[in-house]
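Just so it is clear: chains get the letters A, B, ... in the order the sequence lines come, proteins before strands, and each one is counted from 1.
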2 protein chains.
Amino acid sequence: MSAAPNSTPRLDFERPLVTVDVVIFTVRAEQLQVLLVQRPDGPAEPFPGRWALPGGFVDVAQDRTLLACARRKLKDKTGVSTPYLEQLGSWGGASRDPRGWSTTHAYFALIAVSGQRVQEAAGQPAQQWLPVEDARARKLAFDHGEILEAALARLRSKVEYTSLPAFLVPEPITLPQLQLTYEIVLGRSLDKSAFRRRMLDAGFLEEVDTVVGPGGRPAQGFRLIDRGAPAVFPRPFKSGEQGA
Amino acid sequence: MSAAPNSTPRLDFERPLVTVDVVIFTVRAEQLQVLLVQRPDGPAEPFPGRWALPGGFVDVAQDRTLLACARRKLKDKTGVSTPYLEQLGSWGGASRDPRGWSTTHAYFALIAVSGQRVQEAAGQPAQQWLPVEDARARKLAFDHGEILEAALARLRSKVEYTSLPAFLVPEPITLPQLQLTYEIVLGRSLDKSAFRRRMLDAGFLEEVDTVVGPGGRPAQGFRLIDRGAPAVFPRPFKSGEQGA
DNA sequence: TAAATAGTGTCTGTAAGACAGTATACT
DNA sequence: AGTATACTGTCTTACAGACACTATTTA
């Protein structure tokens, strides 16, 4: 051990790079999709031209906290300012970034794209929504492939016993629409009756006006009583293989 | 936005401090306890003399990854090298450390103290095991109070549907001993029959020799089939208020 | 044989899945 | 009327909790 005498505080440690990355999910075209950005092309850039999760360095002059930094990056990329946003974890090591020992604080966000397109401003680096299976098939920059896997595992795990998919649906929410969203994320179909009981018993929905669809009986509309936190169901759906 | 032309990579950002902290739990004297260390007393030290979670700066020359850094700190403090260790989350901001914008990567560890005392080497800064309720009552250094709360919430949440407490018990494990450990962590009593069914059905225990207690019928001994990961039960115990 | 601890058998209640039925809209 | 979609009622089954019972040890 390189013993530092503990009476003289040392701040001369070499400091790692500190970044924040955000895994942003939505449901579009009946698919779970994730937002990726393309790395710039300069010769000194790491992973030039490769696709990556949106993110970047913490700006100590601008960001008061890590969460604020994540919110800023989300807003910059999507224009969305009140998403569901939770911390996913952190990754750090000597070899994940060729520029040196680096750390990233990963967040994951759920947003609803209700028709209005998510900002694709000119001058911005290229960005695109991609179905998660396509994104997984690409070799992403840094260790972003691993981070994406972790985000997916966390999402699919929590969907088994929370109301998270409600954040992927624009209000007013209908139960058929919410069920479809659950089925898309889980990759399997659910029983209608049991699903409805579950959602209504959980008490996180508030009735609003009915919503007319393309045909057939109109559906009851709902909105989230508390956008701050998802509801937690007493039991998972079934054969729930929950992750960490 | 302070736009950096994306053709010239900037590494001249001011870099935050990067630390790792570990919340180490054990069960001693029929109580859930946590390991705290005392901050050094120098005049330039932050929070001099205050109790804190064990941890410190990442050493980029020594630590290959954040996880390796956490393992090193755990080994230094306790001598234990194969605990249950999982990442808890990260905290970072401008005001959590008076020395500047800082980040910490928090881990939480579960260890079994089987009689042999956890190293309390001379020359080391003062450290002690404290019942969690006592630790919560103290004003800890930095934002370690908040981190401890998060660790406790995570532990209590996961105990409802995983075999985590098995890592708090020295092998050979007996079911009565394991049940007592669950009850200590949860703060409520559990039904014996249902508890045993749950544990045995989960299939994470392997029978070894029987273990004689202080009196009465000897108990079947068990050991963990896989020390790498806890078992996940299909359902939580009851009225489970699971956290994030 | 009494006390102490370990372990089992069986009943009951709850709630999730299955699925058939009813309701309300549009064409 | 017929079709499409939304919603409900009821049966069955799985399983966790309750709790009384049996088993095996020491004093």
Please output the side-chain donor-acceptor pairs of residues 211-232 of chain A that fall under 3.5 Å, not counting sequence neighbours, one pair per line with the distance.
{"unit_1": "Gln220(A)", "atom_1": "NE2", "unit_2": "Val208(A)", "atom_2": "O", "d": "2.7"}
{"unit_1": "Arg223(A)", "atom_1": "NE", "unit_2": "Glu206(A)", "atom_2": "OE1", "d": "3.0"}
{"unit_1": "Arg223(A)", "atom_1": "NH2", "unit_2": "Glu206(A)", "atom_2": "OE1", "d": "3.0"}
{"unit_1": "Asp226(A)", "atom_1": "OD1", "unit_2": "Gly228(A)", "atom_2": "N", "d": "2.7"}
{"unit_1": "Arg227(A)", "atom_1": "NH1", "unit_2": "Glu171(A)", "atom_2": "OE2", "d": "3.2"}

Using five pairs at each end of the helix from dT1(C)-dA27(D) to dT27(C)-dA1(D) to define an axis, what is the angle between those two axes, to 10°?
10°
Distance, rounded to the nearest Å, where Gln220(A) contributes CD and dC7(D) contributes C1'
11 Å
To the nearest Å, how far apart are Leu180(B) CG and dT5(C) C1'?
13 Å
Hey, could you give me the CZ/CZ distance between Phe204(A) and Phe233(A), rounded to the nearest 0.5 Å?
5.0 Å
So OG of Ser189(A) and CD1 of Ile184(A): to nearest 0.5 Å the spacing works out to 12.5 Å
No-hydrogen, no-angle side-chain donor-acceptor test under 3.5 Å, Ser90(A) and His105(B):
yes
B/S/- contact track for nucleotides 22-27 of chain D, protein heavy atom under 4.0 Å
-BBB--
Residues within residues 189-197 of chain B bordering DNA chain C, heavy-atom distance below 4.0 Å:
Lys192(B), Ser193(B), Arg196(B)
State which residues pass ring-ring contact (aromatic ring centres under 6.0 Å, His included) with Tyr182(A); sequence neighbours excluded, sorted by chain then number.
Phe195(A), Phe237(A)
Applying ring-ring contact (aromatic ring centres under 6.0 Å, His included) to Phe142(A) and not counting sequence neighbours gives Phe47(A), His144(A)
Arg96(B) with Glu146(B): basic N within carboxylate O range, under 4.0 Å
no
Can Arg188(B) and Glu183(B) be counted as an ion pair, charged N to O under 4.0 angstrom?
no
